[in-house]
Novice: 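Okay, handing you the structure first.
Side chains are part of it too, since the values below use all heavy atoms of this structure and drop only hydrogens, waters and symmetry mates.
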Amino acid sequence: MTPEIENAFAAIRAEFGTESITRVEQMLEPGGGGERHPLQKAAKWIMPGLSPTPWHDPYAYDEIAPIVHALEAGHQAIKEELNGAWAARREAFSDYEHYLTRQENWQALYLFQKGGLVEESAATVPTAYQLLKDVAVDTEKICPLLECHFSTLLPGAAIDLHCDLWNFSINLHLAVDIPDLCSITVAGETRSWEEGKCLLFDYSFEHEARNEGTRPRTCLLIDLWHPETTVPERRALVALITEIRRLMGEG
């Protein structure tokens with residue numbers, strides 16, 4: 001570890017206790033702190049002690065349920081604003097750049113990125129922007145290392161099977177505009193989105209998605225902290241990943 005990470009970790013231990021970030025430290029050990037689920041092997045970091053569960057009940061966690069209820073209650077307004085933006089402000093959308101690839105048939109409109117709200121989106125999709133700010137950003141439930149965006153898969157598009165980088169955040173999908181013949185598979189289990197409802201899954205497991213329909217499929221994706229992580233762990237993880245990105249020149 002670099003001196004910057006060591007100093008950040010020492011400050012967290014001093015505030016929260018010597019054992020407060022043990023799981024983060026175990027994650028950094030050779031072997032990642034323990035045995036992984038076979039379908040998480042391609043993820044870069046697996047923090048031990050988090051439930052190795054691919055699909056989660058979005059209503060089951062006290063921390064996440066208020067976000068789910070707010071998004072589902074706002075679905076109709078969110079959908080109308082999204083469709084208006086798609087029709088009149090297509091330039092606000094961009095090819096999605098995953099850490100593995102860039103896809104032209106996977107379009108994104110960002111609401112939160114690089115640790116902060118994307119203020120330009122407030123005028124484009126005001127309901128989603130305000131809800132995100134109120135229930136996820138201001139409450140510090142969003143993982144600031146990642147993002148929130150409208151994810152639009154064009155007809156015929158597929159997201160190839162892959163694992164995301166880690167298991168200490170979790171992916172929430174609000175199904176905004178869902179045509180027939182769209183599905184997502186996580187750890188070998190395939191589900192379909194139900195428009196106006198949320199799905200929650202651990203994207204450190206192998207997953208893929210497809211739109212075999214005739215019009216775009218759009219979900220609102222939010223990267224939240226895994227509900228089984230603690231405040232000191234979250235601080236340590238932000239310090240760790242931020243420093244790694246700085247060393248890699250990612251800003």
Novice: For a 4.5 angstrom cut-off between non-hydrogen side-chain atoms, does P66 reach V135?
Specialist: no

Novice: Keeping to residues at least two apart or across chains, list the ring pair (Phe, Tyr, Trp, His ring centres under 6.0 Å) pairs with something in residues 131-160.
Specialist: Y96-H149, Y110-H149

Novice: Decide side-chain contact (heavy atoms from CB on, under 4.5 Å) for L172 and L71; before the verdict, give the C-alpha distance in whole Å, the side-chain angles of both, and the deciding distance to 0.1 Å.
Specialist: CA-CA 10 Å; L172 181 70; L71 292 175; 3.9 Å; yes

Novice: Verify the cluster assignment for V118 and W106: are they in a single hydrophobic cluster under the rule of side-chain heavy atoms below 4.5 Å apart?
Specialist: yes

Novice: Roughly how far, to the nearest 0.5 Å, is the CG atom of L199 from the CG atom of L221?
Specialist: 10.0 Å

Novice: Looking just at side-chain N and O atoms, do E208 and T185 make a donor-acceptor pair shorter than 3.5 Å?
Specialist: no

Novice: Atom CD1 of I142 and atom CD1 of I67: how far apart are they, to the nearest 0.5 Å?
Specialist: 8.5 Å

Novice: Give the cluster check for V186 versus I178: same hydrophobic cluster or not, with ILVMFWY residues linked at side-chain heavy-atom distances below 4.5 Å.
Specialist: yes

Novice: Would you say the side chain of P179 lies within less than 4.5 Å of the side chain of T214, judging by non-hydrogen atoms?
Specialist: no

Novice: Answer yes or no: is there a side-chain heavy-atom contact under 4.5 Å between M27 and F168?
Specialist: yes

Novice: Hey, does V68 have a side-chain heavy atom less than 4.5 Å from the side chain of L200?
Specialist: no

Novice: Counting N and O atoms only, with roles assigned by atom type, does the side chain of N211 sit under 3.5 Å from a partner on the main chain of L153, one being a donor and the other an acceptor?
Specialist: yes

Novice: Keeping to residues at least two apart or across chains, list the salt bridge (Lys or Arg N to Asp or Glu O under 4.0 Å) pairs with something in residues 2-14.
Specialist: R13-E25

Novice: Could you walk me through whether T230 and S20 pass side-chain contact (heavy atoms from CB on, under 4.5 Å), step by step?
Specialist: CA-CA 8 Å; T230 66; S20 60; over 6 Å; no

Novice: Among side-chain atoms of N171 and H173, is any donor-acceptor pair under 3.5 angstrom?
Specialist: yes

Novice: Check whether any side-chain heavy atom of D202 lies under 4.5 Å from a side-chain heavy atom of P54, and answer yes or no.
Specialist: no

Novice: For residues 216-248, which residue pairs qualify under ring pair (Phe, Tyr, Trp, His ring centres under 6.0 Å), counting only residues two or more places apart or in two chains?
Specialist: H56-H226

Novice: First locate atom OG of S169, then atom CG of N167, and finally report the distance between them rounded to the nearest 0.5 Å.
Specialist: 8.5 Å

Novice: Is there a continuous path of hydrophobic side-chain contacts, each under 4.5 Å between heavy atoms, that joins V231 to L240?
Specialist: yes

Novice: Quick one: pull up OH in Y129 and CG in L117 and give me the separation to the nearest 0.5 Å.
Specialist: 4.0 Å

Novice: To the nearest 0.5 Å, how far apart are CD1 in I184 and CZ in R191?
Specialist: 10.0 Å

Novice: Quick one: does H207's side chain have a donor or acceptor within less than 3.5 Å of a partner on A187's backbone?
Specialist: no

Novice: Side-chain atoms of residues 82-90: list all donor-acceptor pairs with protein atoms under 3.5 Å, sequence neighbours left out, distances to 0.1 Å.
Specialist:
residue	atom	partner	partner atom	Å
R89	NH1	T124	OG1	2.7
R90	NE	W86	O	2.9
R90	NH2	W86	O	3.4

Novice: Name all residues meeting the ring pair (Phe, Tyr, Trp, His ring centres under 6.0 Å) criterion together with F112; count only those two or more places apart in sequence or in a different chain, and write none if there are none.
Specialist: none

Novice: Quick one, F9 and V24 - any side-chain contact, counting heavy atoms below 4.5 Å?
Specialist: yes

Novice: Report the residues that fulfil ring pair (Phe, Tyr, Trp, His ring centres under 6.0 Å) with W45, sequence neighbours left out, ordered by chain and then residue number.
Specialist: none

Novice: If you group Ile, Leu, Val, Met, Phe, Trp and Tyr by side-chain heavy-atom gaps below 4.5 Å, do L224 and W55 land in one group?
Specialist: no

Novice: Please evaluate residues D95 and Q107 with respect to the criterion side-chain contact (heavy atoms from CB on, under 4.5 Å), reporting the C-alpha separation (whole Å), side-chain torsions for both, the decisive distance (0.1 Å), and the verdict.
Specialist: CA-CA 5 Å; D95 297 348; Q107 295 288 293; 2.7 Å; yes

Novice: Taking only residues two or more places apart in sequence, or in another chain, which ones meet S51 in a side chain to side chain contact (heavy atoms under 4.5 Å, CB included)?
Specialist: T53, E228

Novice: Short question: side chain of R245, backbone of L145 - any donor-acceptor pair under 3.5 Å?
Specialist: yes

Novice: Once side-chain hydrogen bond (donor to acceptor under 3.5 Å, both in side chains) is applied, do any residues pair with T218, and if so which ones, sequence neighbours excluded?
Specialist: T152

Novice: Does K41 NZ have over 12 foreign heavy atoms under 6.0 Å away?
Specialist: yes

Novice: Side chains of L220 and V125: does their closest heavy-atom pair fall under 4.5 Å?
Specialist: no

Novice: How many angstroms lie between atom OG of S204 and atom CE of M47, to the nearest 0.5 angstrom?
Specialist: 11.5 Å

Novice: After noting the C-alpha distance and the side-chain angles of S151 and R217, does the key distance pass the side-chain contact (heavy atoms from CB on, under 4.5 Å) rule?
Specialist: CA-CA 8 Å; S151 170; R217 180 242 63 176; 3.0 Å; yes

Novice: Quick one: salt bridge (Lys or Arg N to Asp or Glu O under 4.0 Å) pairs with a partner in residues 231-241, sequence neighbours left out?
Specialist: E15-R235, R23-E233, E63-R234

Novice: Answer whether the closest heavy-atom distance between the side chains of I170 and P227 falls below 4.5 Å.
Specialist: yes

Novice: Give me each pair satisfying salt bridge (Lys or Arg N to Asp or Glu O under 4.0 Å) with a member in residues 138-156, each pair once, sequence neighbours excluded.
Specialist: K133-D138

Novice: What pairs with D134 under side-chain hydrogen bond (donor to acceptor under 3.5 Å, both in side chains), at least two apart in sequence or on another chain?
Specialist: Q130

Novice: Is W193 linked to L109 within one hydrophobic cluster, defined over Ile, Leu, Val, Met, Phe, Trp and Tyr using a side-chain heavy-atom separation of less than 4.5 Å?
Specialist: no

Novice: Just say parallel, tilted or perpendicular for the rings of F201 and Y203, cut-offs at 30° and 60°.
Specialist: perpendicular

Novice: For E72, give me all partners under side-chain hydrogen bond (donor to acceptor under 3.5 Å, both in side chains), at least two apart in sequence or on another chain.
Specialist: Y59

Novice: Can you establish whether the number of heavy atoms outside E119 located under 6.0 Å from its atom CD is more than 12?
Specialist: no

